[in-house]
Protein chains: 2
Amino acid sequence: MVPEMTDCVSNNPLSAQDSVLLENQVCFPLYSASNAVIRTYRPLLDKLDLTYSQYLVMMVLWESDGVSVKDVGARLYLDSGTLTPLLKRLEGKGLVERGRSEQDERVRVLKLTEAGVLLKTQALTVPAEMKCKIKLDLDELLLLKKLCEKVISTLEK
Amino acid sequence: MVPEMTDCVSNNPLSAQDSVLLENQVCFPLYSASNAVIRTYRPLLDKLDLTYSQYLVMMVLWESDGVSVKDVGARLYLDSGTLTPLLKRLEGKGLVERGRSEQDERVRVLKLTEAGVLLKTQALTVPAEMKCKIKLDLDELLLLKKLCEKVISTLEK
DNA sequence: CTCTATTCAATTGCACACAATACAAATGAG
DNA sequence: CTCATTTGTATTGTGTGCAATTGAATAGAG
């Protein structure tokens, strides 16, 4: 057993047996909350004919149109295996054009269509509707955000 | 616009335009953190030949063997569309038997095999290894857990 | 300037999540 | 007791996530 692991184990106040009780997991609530949030977004995003992942990609493009697949992936922590088919669906809906960079032929340059730009208008009410459903104080929301970001920055290294 | 929604909107300190900035989303870090955690579990669970979802199901069964598909679903907030194929895979690995209740023929009774019971021994080190990788204080972990549980209890109603 | 290494995206394969639907077993109102 | 309703699983179809592999384009070492 590596030293760091031993340290971690020794700091764990739970017995080994109790450690695999669902009740004592932190990651399970995180996973369930994420699932629950995506489920809750669904009826809101159905009006825009977007899935949650597609909505995330659209947010990136509304913010910085003309970026590459890699850029979107870096922003959303998703790889081309996830993004390529997703972007093809957005292209199929007429929201995005998947062009090529002139400097580097390998790079896909993602450009919003007029419909893609216009969809932002319909999306503006979504965050407020979601905030309404989730019923957490602003303090709690910001704290949750900060803790999740800390988890991400630790694990993404 | 429904009244409750108006209330939520008016409490939102962000402009409508800023509301769809990725930076201002709470759910995105939650979603990314959940993905990052599952990715981090992968190499640990590969040793047990389990996916994260399968690991969750096994934890339920280690805790309460002999329950039904519905019981597992209620515990993990998952439905039969997710659980049926997952349980068939666990059955295929020889970890679980998918029997029938004698009282009610519709009910699948899930019973751990000897191998399924024994796998718990190998799983005992996983939580400590994970805690080591996630590098959060116990305080932060408990706070994150509590906030996620609050999100779940609000959205699952 | 050539050849190798790296990079960006696409593809493939597997395992979820989940809505929608189907279906058989059990329940219950009349 | 009977049949409509409810309940517990299973099935189907769509859309992710992600590892692994491939392939083409570029960059870099010599």
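Lettering follows sequence order; numbering is per chain, from 1.
If you check dA25(C), dC18(D), dA25(D) against the side chain of E105(B), the one that comes closest is dA25(C). Side-chain atoms of K70(A) lie closest to dA9(C) of the nucleotides dA9(C), dT16(D), dA26(C). For R39(B), taking side-chain heavy atoms from C-beta onward, the closest of the listed nucleotides dA25(C), dT9(D), dG17(D) is dG17(D). Taking every side-chain heavy atom of T84(B) into account, dT9(D) is the closest of dA26(C), dT9(D), dA10(C).
For dA26(C), neither phosphate oxygen OP1 nor OP2 lies less than 4.0 angstrom from any side-chain nitrogen or oxygen of Q103(B). OP1 and OP2 of dT14(D) both lie 4.0 Å or more from every side-chain N or O belonging to K88(A). For dT9(D), the OP1/OP2 oxygens have a side-chain nitrogen or oxygen of S68(B) closer than 4.0 Å. OP1 or OP2 of dA17(C) sits under 4.0 Å from a side-chain N or O of Y31(A). Contact between the side-chain N/O atoms of R89(A) and the OP1/OP2 oxygens of dG15(D) is found at a separation under 4.0 Å. Residue T51(B) places at least one side-chain N or O closer than 4.0 Å to OP1 or OP2 of dC16(C).
Put simply, CG on L78(B) is 15 Å from P on dA10(D), counting in whole angstrom units. Regarding E156(B), its CD atom lies at a distance of 12 Å from the C1' atom of dC18(C), rounded to whole Å. Following rounding to the nearest Å, L45(B) (CG) and dA19(D) (P) show an atom-to-atom distance of 13 Å. Distance CZ (R108(A)) to P (dA10(C)): 4 Å, rounded to an integer number of Å. Rounded to an integer number of Å, the gap from E102(A) CD to dA25(D) C1' is 15 Å. The CZ-C1' distance, from R42(B) to dC16(C), rounds to 10 Å in whole Å. In this structure, R100(B) atom CZ and dA24(C) atom P are separated by 12 Å, rounded to whole Å. Across the protein-nucleic acid pair, L56(A) atom CG and dG17(D) atom C1' stand 13 Å apart, rounded to whole Å.
Of the residues near DNA chain C, D71(A) and K93(B), the one whose nearest nucleotide (by heavy atom distance) lies more toward the 5' end is D71(A). Nearest-nucleotide positions on DNA chain C for V69(A) and G81(B) put V69(A) closer to the 5' end.
Counting atom types as modelled, R106(B) pairs a side-chain N or O with a base atom of dT7(D) as donor and acceptor under 3.5 Å. Between the base of dA10(D) and the side chain of S80(B) there is a donor-acceptor pair shorter than 3.5 Å.
Inspection of the Q54(B) and K93(B) side chains reveals an N or O donor paired with an N or O acceptor under 3.5 Å.
Within 4.0 Å (heavy atoms only), L86(B) reaches sugar-phosphate atoms of the nucleic acid but no base atom. Nucleic acid contact class of D79(A) (heavy atoms, under 4.0 Å, all strands): base. Using a 4.0 Å heavy-atom criterion, one finds that S53(B) contacts the sugar-phosphate atoms exclusively.
The pair E91(A)-R98(A) meets the salt-bridge criterion, with a side-chain N (NZ, NE, NH1 or NH2) lying under 4.0 Å from an Asp/Glu carboxylate O.
Under the side chain to side chain contact (heavy atoms under 4.5 Å, CB included) test applied with W62(B), the options L119(B), V117(B), V57(B) reduce to a single match, L119(B).
To the nearest 0.5 angstrom, L144(A) atom CG is 9.0 Å from L143(B) atom CG.
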After noting the C-alpha distance and the side-chain angles of D71(B) and S68(B), does the key distance pass the side-chain hydrogen bond (donor to acceptor under 3.5 Å, both in side chains) rule? CA-CA 5 Å; D71(B) 294 332; S68(B) 69; 3.1 Å; yes

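Looking at Y55(B) and T51(B), their side chains never come closer than 4.5 Å, going by heavy atoms from C-beta outward.
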